[in-house]
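Ligands are counted one by one from 1 in listed order, and the atoms in each one are counted from 1 as well. All values below were derived from every heavy atom in this structure, side-chain atoms included, with hydrogens, water molecules and symmetry-related copies excluded.
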Amino acid sequence: MAKIQMTTPLVEMDGDEMTRIIWQMIKDDLICPFVDLKTEYYDLGLEHRNETDDAVTVESAEAAKRLGVAVKCATITANAARVKEYGLKQMWKSPNGTIRAMLDGTVFRAPIVVRGIEPCVSNWKAPITLARHAYGDVYENAEIRIPGAGKVELVYTAADGTEERELVHEFDGPGVVQGMHNLDASIESFARSCFNYALDTRQDVWFSTKDTISKKYDHRFKDIFQEIFDAEYKERFDEAGIEYFYTLIDDAVARVMKSKGGFIWACKNYDGDVMSDMVSSAFGSLAMMTSVLVSPDGVYEYEAAHGTVQRHYYKHLKGEETSTNSVATIFAWSGALRKRGELDGLPELMAFADRLEQATVDTIEAGEMTGDLALITTIENPVKLSTREFIQAIAKRLAA
Ligand code: NAP
Ligand code: MG
């Protein structure tokens, strides 16, 4: 059988621990037998990041900007324990943070829905994709613990020296105070990423803030989204038969719980942080969450939402059998291959991505799955497979 050809390479960002093992298995058993895979390879494994003083991370993000589509393996975010374990020159920054900052992107997280792994919320029939604004607010705040009586003001000093003041509070005893900011430019990028992704995936966008209470700060988010939607996206949304819908965050939460799913929920930074954990756990398993970083100018980086599954890796190193779920990493590859096919006009490559996803879903729905899913499935007598057996079971269906 002739292999499917590619024209432009994918940016391949390899990673760490158990997901690095899975990465190779996916390429060997699920992709390379069918596709003449072309990638520009960057090793983001912690050892190589350390050897290159993290230059490899920056190079990989530059490659993503140049080529447009990347697929990334989970990577270790260094902490004190990792500095010791790997003898690091320094505590390197999170690769995801570096890449996100360089692409100015928004992260969309969506669960992979299969029969037999049912969401806790029984009316959710289609995935809910969560888009989190990853800049500013409480994550880049300034805080003071107020020791006693005194006045706190916000002071804005313009370039020409003029001042604008706003009283925060007259303290008559101890307390706390916090200052936050955001940027029109960042909110605009966030809005465009959400609207582009909605057109791309043909889903409605819901956006929610607390604009009734925060009449300037949150209201600015609401206004920017509406202005950009009206000026740049309304017609294309009408043509695609999708909608943009703004509502108060409280109302959004209530509606999400009663919805059928199948839309993008755009959230401010903190709301997105909290709600993405709720949505992903309610859909069943972190190992079934995909994640895609979309830049406002249309660069796509696909990955699994989970980490490097360290505990399983140490078992693997001891020669013990593991049963690590590779679904989210497989869907990162299929997402990237499909997008590459779409951009390069390669319908065969797009069809292969669909087949790979279908074979993965069919395997689970036939009762063959990894241990994490076997514990929560509603399918009777599931067969628990090892990491490799699960990938081989998918390969068998793909080849059939
Ligand atoms: P993790 O790798 O997501 O794993 C936490 C636990 O969740 C695992 O021990 C396992 O539970 C379960 N799990 C996660 N993914 C699974 C899968 N594919 N199959 C089966 N079970 C799975 O998080 P972590 O252990 O907190 O972090 C490990 C490393 O990953 C850290 O160095 C962290 O910095 C990094 N990380 C990277 C990314 C990224 O690159 N995007 C994201 C998050 C974390 P059981 O042990 O109970 O089986
Ligand atoms: Mg969180």
Among all protein non-hydrogen atoms, which one is nearest to atom 18 (N) of ligand 1, and what is the separation to 0.1 Å?
N325 O, 2.8 Å
Can you name the side chain to side chain contact (heavy atoms under 4.5 Å, CB included) partners of D104, sequence neighbours left out?
S189, P296
For atom 35 (C) of ligand 1, closest protein heavy-atom neighbour:
T75 O, 3.4 Å
One thing to verify: whether D211 and K215 come together as a salt bridge, which I'm taking to mean a side-chain N less than 4.0 angstrom from a carboxylate O.
no
Proximal ligand 1 atoms for R82, defined as those under 4.0 Å from one of its heavy atoms:
29 (C), 31 (C), 32 (O)
Close side-chain approach of R49 and P95, heavy atoms under 4.5 Å:
yes
In the protein, what heavy atom is nearest to atom 30 (O) of ligand 1, and what distance, to one decimal place, separates them?
T308 N, 3.0 Å
Numbering as shown, the atoms of ligand 1 that approach A74 to under 4.0 Å (heavy-atom distance)
40 (O)
Considering both backbone and side-chain atoms of S323, is one of its nitrogen or oxygen atoms within less than 3.5 Å of a nitrogen or oxygen in ligand 1?
no
By number and element, which atoms of ligand 1 are closer than 4.0 Å to a non-hydrogen atom of A287?
16 (C), 17 (C), 18 (N), 19 (N)
Carboxylate-amine/guanidinium proximity below 4.0 Å for D43 and R20:
yes
Salt bridge between D251 and R255, side-chain N to carboxylate O under 4.0 Å?
yes
Ligand-side contact atoms (ligand 1) for residue partner T77, heavy atom cut-off under 4.0 Å
32 (O), 34 (O)
Does H306 approach ligand 1 within less than 4.0 angstrom via side chain, backbone, both or neither, non-hydrogen atoms only?
both
Ligand-residue contact atoms, ligand 1 with N96, heavy atoms, under 4.0 Å:
40 (O), 41 (N)
Check whether any protein heavy atom sits under 4.0 Å from atom 24 (P) of ligand 1.
no
Determine, using ring centers only, whether F195 and F229 are less than 6.0 Å apart.
yes
Determine whether any heavy atom of K72 lies closer than 4.0 Å to an atom of ligand 1.
yes
Going by the closest heavy atom to atom 45 (P) of ligand 1, which one wins out of E85, M18, R311, M289?
R311
Using distance alone, determine whether G307 and ligand 1 share an N or O pair under 3.5 Å.
yes
Establish, for the pair R202 and F263, whether the NZ or CZ atom is under 6.0 angstrom from the six-membered ring centre and no further than 45 degrees off its axis.
no
Does the protein place any heavy atom closer than 4.0 Å to atom 40 (O) of ligand 1?
yes
Got a sec, which hydrophobics cluster with L103, joining ILVMFWY side chains under 4.5 Å apart, including via others?
V11, M13, Y42, L44, V56, L67, I99, V107, L293, V299
For N96 and E303, does a side-chain donor sit closer than 3.5 Å to a side-chain acceptor?
yes
Ionic contact status for D29 with R388, cut-off 4.0 Å
yes
Indicate whether atom 21 (N) of ligand 1 is within a distance of less than 4.0 angstrom of some protein heavy atom.
yes
Quick check on atom 27 (O) of ligand 1 - does any protein heavy atom sit closer than 4.0 Å to it?
no
Below 3.5 Å, N or O to N or O, backbone or side chain included: is there any such pair between E303 and ligand 1?
yes
What is the closest protein heavy atom to atom 13 (N) of ligand 1, and at what distance does it sit?
V309 CG1, 4.1 Å
Without hydrogens or angle criteria, can the side chains of E12 and W23 be said to hold a donor-acceptor pair below 3.5 Å?
yes
So, regarding E17 and ligand 1 (criterion: nitrogen or oxygen to nitrogen or oxygen, under 3.5 Å), is there a contact or not?
no
From atom 5 (C) of ligand 1, is the closest protein heavy-atom distance below 4.0 Å?
no
So V35 and K3, do their side chains get closer than 4.5 Å, heavy atoms only?
no
Lys/Arg N to Asp/Glu carboxylate O, E163 vs R165, below 4.0 Å
yes
Could you identify the single nearest non-hydrogen protein atom to atom 48 (O) of ligand 1 and state the distance to 0.1 Å?
H312 NE2, 2.8 Å
Carboxylate-amine/guanidinium contact E321 K315, below 4.0 Å:
no
Does atom 32 (O) of ligand 1 have any protein heavy atom closer than 4.0 Å?
yes
